[in-house]
Amino acid sequence: MAKYIFVTGGVASSLGKGITAASLGRLLKARGYSVTNQKFDPYLNVDPGTMNPYQHGEVFVTEDGMETDLDLGHYERFIDENLTRDSSVTSGQIFWSVLNKERGGAYNGGTVQIIPHVTNEIKSKLYSIAKDKDVVITEIGGTIGDIEGQSFIEALRQFQWEVPREDVLFIHVTLIPYLKSSQELKTKPTQHSVKQLQSQGIQPNMLVCRSDYPVPMEMRQKLAQFCNVPAKYIIQNLDAESLYQVPLMLEKESFADKVCEALHMEIRKPDLADWELLVKRFQEPEKEVSIALVGKYIELHDAYLSVVEALQHGGIAHNARVRIKWVQADELSKAGADLDAIFADVQGILVPGGFGSRGIEGKLLAAQYAREHDMPYLGICLGLQIAVIEFMRHVCGLEQASSTEFDPETPDPVIDIMADQKGLVQTGGTMRLGHYRCALKEDTKARAIYGAEAVEERHRHRFEFNNRYLAQMEAHGMIASGRNEERDLVEMIELKNHPWFVACQFHPEFKSRPNRPHPLFAGLVGAAIARKEG
């Protein structure tokens, strides 16, 4: 039987439920337990795939091609496990499934209701993910009291009595605000949040208190009295310089040991040596390097969360601190923009994935600058397409070369929509998603970077390189160094006569881990360091 841990949040959003859940997963895995993480999101969208980045940040993609919330990226990076579509559950999915069952006659004409039909559907997601796992950690998105989250909370209230009670643990993440005027921490918001949770039939077993200042024992004892939680199960979670410090900070609070105690699990000694080493390398770098990230959502860093984390992982691999210079793509294409000045203090350029025509000319200028100035360049998804378009325009002489995404009438569609994407009316969940094989060409940087003949990487795109232009492109010095042989798709390109200019159609950031940096990001950082030192 698996143990089930539910992580809820109160008082305010963005308190770090996801990091708490991910950190606990890392600490339990370090104790030899098999762990998986899961996210219940109350919104009615089926998945975040069609949601605006300004509302939801990046879309994280699993191995099996599920477009998910960015918290799944945190889970994967912390517990170092590839999650699946079973780890991402939304209200939209639940209602979609229930209504399809009703249309198919699954309920024998009975009245379909929130209880039991919707709550049973939610509970089925808990049972299905628990196979062969010691612990399932499920985060419930939003804040206690949100009307759209009530079905999930009700399902958990029922679930706690369907399995042995000692196999269920509720952890409530809440805020202990500091009032500058009175110079004191306040527990009342947490008291009210716990009362709200109790009113819905759930008694939290543990509190994780987010605070800017240490939470003293007398304050924990006060919370224990008002919230019916033992003082020893009230954990402080302070701000950290890096997300990767959080598991170690919670370890000092004996968080995982207390969870094991509460769940009647064996309390084991953890092996956190590799995690301690990566945090040490992050905190005490021997060098520093700067990478320009050229995008159109630079004011919203969560839109590129996995890319940012993967760059930090690349820095850890070289014991270097990576400083990211956020460059608004539109600014590069403005009249009078001085690219020499903009890129003077960076040693590498990264153009990430994206959609739409805004900022394209600026990204083309960034790729051109990297090509002409021997600047290390990594293009991801759209970043590959940008590199190809720029090269075909300025090296191969196809002045109107473009992508049919931006210019449907271009005479030279060097990037074109994939055949199986044409005419699709439904845009949600229909891109080329999930992991696919990429064979790497001999005697290329790609083969050297990976040290393998072939790799499998995760994708999320509709447009691809047009093979009609392959011979012309390679004749001028840009080669296809990675291909999907099954469909004859170009997956990677690189410049022959350039220190380090590599681009990929897939999203390597999704597979990077702090203790196992992705080769492409480690390679970019290494090339940037070489440029700075050379």
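Here the structure is a predicted model, which means the values were calculated and not measured. Counting from 1, the numbers follow the sequence of the chain as shown.
Residue Arg460 is tested with Glu58, Glu509, Glu67 for a salt bridge (charged side-chain N to carboxylate O under 4.0 Å, His left out); the sole match is Glu67. Tested against Glu491 for a salt bridge (charged side-chain N to carboxylate O under 4.0 Å, His left out), the candidates Arg458, Arg432, Arg437 yield a single pass: Arg432. The one candidate from Leu243, Ile324, Leu278 that meets the side chain to side chain contact (heavy atoms under 4.5 Å, CB included) condition with Gln312 is Ile324. The side chain to side chain contact (heavy atoms under 4.5 Å, CB included) test with Val11 is passed by exactly one of Ile176, Leu175, Thr143, Ile144: Leu175. Evaluated for a side chain to side chain contact (heavy atoms under 4.5 Å, CB included) with Arg85, the options Glu63, Met66, Gln93 yield exactly one hit, Met66. Under the side-chain hydrogen bond (donor to acceptor under 3.5 Å, both in side chains) rule, His435 has a single partner from Lys511, Glu457, Glu456, which is Glu456.
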Checklist entry - Can Phe506 and Tyr436 be said to form a ring-ring contact (aromatic ring centres under 6.0 Å, His included), step by step? => result CA-CA 9 Å; Phe506 44 79; Tyr436 293 92; over 10 Å; no
Checklist entry - How far apart are the C-alpha atoms of Arg31 and Asp257, what are their side-chain angles, what is the distance that settles it, and do they pass the salt bridge (charged side-chain N to carboxylate O under 4.0 Å, His left out) test? => result CA-CA 10 Å; Arg31 286 164 166 76; Asp257 286 344; 3.0 Å; yes
Next on the checklist: Please evaluate residues Lys258 and Glu261 with respect to the criterion salt bridge (charged side-chain N to carboxylate O under 4.0 Å, His left out), reporting the C-alpha separation (whole Å), side-chain torsions for both, the decisive distance (0.1 Å), and the verdict.
Outcome noted: CA-CA 5 Å; Lys258 293 173 182 177; Glu261 177 185 89; over 6 Å; no
Checklist entry - Tyr244 and Phe78: ring-ring contact (aromatic ring centres under 6.0 Å, His included), yes or no, with the steps? => result CA-CA 8 Å; Tyr244 303 117; Phe78 276 65; 5.5 Å; yes
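Listed here is the closest heavy atom pair of Ala320 and Pro285: C-CB, 3.8 Å. Summarising the geometry of Ala224 relative to Pro230, their closest heavy-atom pair is CB-C, 4.1 Å, with the distance given to 0.1 Å. Minimum heavy-atom separation, Pro270 to Glu251: CG-OE2, 3.5 Å.
Glu121 is linked by a side chain to side chain donor-acceptor pair (under 3.5 Å) to Ser97, Lys101, counting only residues two or more places apart in sequence or in another chain. Here Asp239 pairs with Arg210 under the side chain to side chain donor-acceptor pair (under 3.5 Å) rule; sequence neighbours left out.
Considering only heavy atoms from C-beta on, Thr36 comes within 4.5 Å of Ile129 through its side chain. Side-chain contact between Phe40 and Leu156 is present, with heavy atoms from C-beta onward closer than 4.5 Å. Side-chain contact between Thr138 and Val7 is absent, with no heavy-atom pair separated by less than 4.5 Å. Residues Thr90 and Asn45 fail the side-chain proximity criterion, which asks for heavy atoms closer than 4.5 Å.
One distance of note links SG of Cys227 with CG of Leu197; it measures 10.0 Å at 0.5 Å rounding. Annotation: the span from Leu72 atom CG to Ser87 atom OG amounts to 5.5 Å, rounded to 0.5 Å.
Relative orientation of the His56 and Tyr43 rings is perpendicular, given thresholds of 30° and 60° on the angle between their planes. The aromatic rings of His518 and Phe521 sit perpendicular, their planes meeting at an angle over 60°, well past the 30° parallel limit. Aromatic ring orientation, Tyr4 versus Phe159: perpendicular (interplanar angle above 60°, classes split at 30° and 60°).
For the pair Lys186 and Glu184, the salt-bridge criterion is met [side-chain N within less than 4.0 Å of a carboxylate O]. The residues Glu266 and Lys3 are annotated as not salt-bridged, no charged nitrogen and carboxylate oxygen being separated by less than 4.0 angstrom. With salt bridges taken as basic N to acidic carboxylate O contacts below 4.0 Å, none links Arg321 and Glu286.
Aromatic ring centres of His117 and Tyr107: separated by under 6.0 Å.
Looking only at atom types and distance, the side chain of Thr190 has a donor-acceptor partner in the side chain of Thr174 under 3.5 Å away. For the residue pair Gln221 and Gln225, no side-chain donor N or O sits within less than 3.5 Å of a side-chain acceptor on the partner.
No cation-pi contact links Lys125 to Phe152, judged by a cut-off of 6.0 Å to the six-membered ring centre and 45° from its axis.
Proximity of a side-chain donor or acceptor of His313 to a complementary backbone N or O of Arg516 within less than 3.5 Å is not detected.
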